[in-house]
Amino acid sequence: MPTNKHKRKASSHSKTKAVTGFRSSGLITSHPKPFAIGGLFFVALGLYLLAFESQNNAMFGVAMLSLIAGGATTIYANFAVPKRKID
């Protein structure tokens, strides 16, 4: 084996094209802003029901379900909003 054999860097061969910015084709991820507004509407509806209409157990349950569903939808929609790159 020659003593001055030229060795190539492994990084020069591994030029893979990675997919960047891949987004799933779900309904919330394709339209995040309307779902965020809808989630905030459910949160407001739940707070209204909890404050003014929760005299019986059924309305209390509907208010809590509305709060949970609206909060989860709003958080998931905010994660799906594309982020701006700061240059």
Side-chain angles (χ1 to χ4, degrees):
M1 188 163 129
T3 57
N4 59 357
K5 184 177 179 182
H6 178 70
K7 293 185 179 181
R8 296 180 183 163
K9 287 186 176 181
S11 65
S12 66
H13 293 292
S14 63
K15 302 274 185 187
T16 60
K17 302 277 183 177
V19 176
T20 58
F22 177 73
R23 295 179 56 168
S24 64
S25 61
L27 189 61
I28 294 179
T29 56
S30 59
H31 305 290
K33 288 185 181 181
F35 277 95
I37 293 170
L40 289 175
F41 170 74
F42 277 118
V43 168
L45 178 69
L47 288 174
Y48 170 76
L49 290 174
L50 196 61
F52 299 113
E53 304 290 332
S54 64
Q55 285 84 20
N56 58 5
N57 289 336
M59 277 299 171
F60 180 76
V62 170
M64 293 308 287
L65 284 175
S66 177
L67 280 172
I68 292 169
T73 305
T74 304
I75 290 170
Y76 186 72
N78 282 334
F79 283 141
V81 172
K83 306 292 185 264
R84 292 184 184 177
K85 288 187 177 181
I86 299 173
D87 292 329

**Item:** Heavy-atom closest pair, residues Ala36 and Ala77
**Value:**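 Scanning both residues completely, I find the closest heavy atoms to be N-CB, 3.7 Å.
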
**Message:** I need the minimum non-hydrogen distance between Gly70 and Phe42, along with the two atoms involved.
**Reply:**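 Heavy-atom minimum between the residues: CA-CB, 3.6 Å.
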
**Message:** Under 4.5 Å between side-chain heavy atoms, counting indirect links through other Ile/Leu/Val/Met/Phe/Trp/Tyr residues: same cluster for Leu65 and Met59 or not?
**Reply:**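 Hydrophobic grouping puts Leu65 apart from Met59.
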
**Item:** Shared hydrophobic cluster for Phe41 and Leu67 (ILVMFWY, side-chain gaps under 4.5 Å)
**Value:**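 Different clusters: Phe41 never reaches Leu67 through Ile, Leu, Val, Met, Phe, Trp or Tyr contacts under 4.5 Å.
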
**Item:** Check: Asn78 side chain, Val81 main-chain N or O, donor-acceptor pair, under 3.5 Å
**Value:**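 Here the side-chain-to-backbone pair does not exist.
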
Under 3.5 Å donor-acceptor pairs involving side-chain atoms of residues 44-52, not counting sequence neighbours:
residue	atom	partner	partner atom	Å
Tyr48	OH	Glu53	OE2	3.4

**Message:** How about CG on Asn57, more than 12 heavy atoms from neighbouring residues, nucleotides or ligands closer than 6.0 Å, or not?
**Reply:**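 Counting neighbours around CG of Asn57, 12 or fewer heavy atoms of other residues, nucleotides or ligands fall under 6.0 Å, so no.
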
**Request:** Decide yes or no for Tyr76 and Thr29: does some side-chain heavy atom of the first lie under 4.5 Å from some side-chain heavy atom of the second?
**Result:**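 Counting from C-beta outward, Tyr76 and Thr29 do come under 4.5 Å.
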
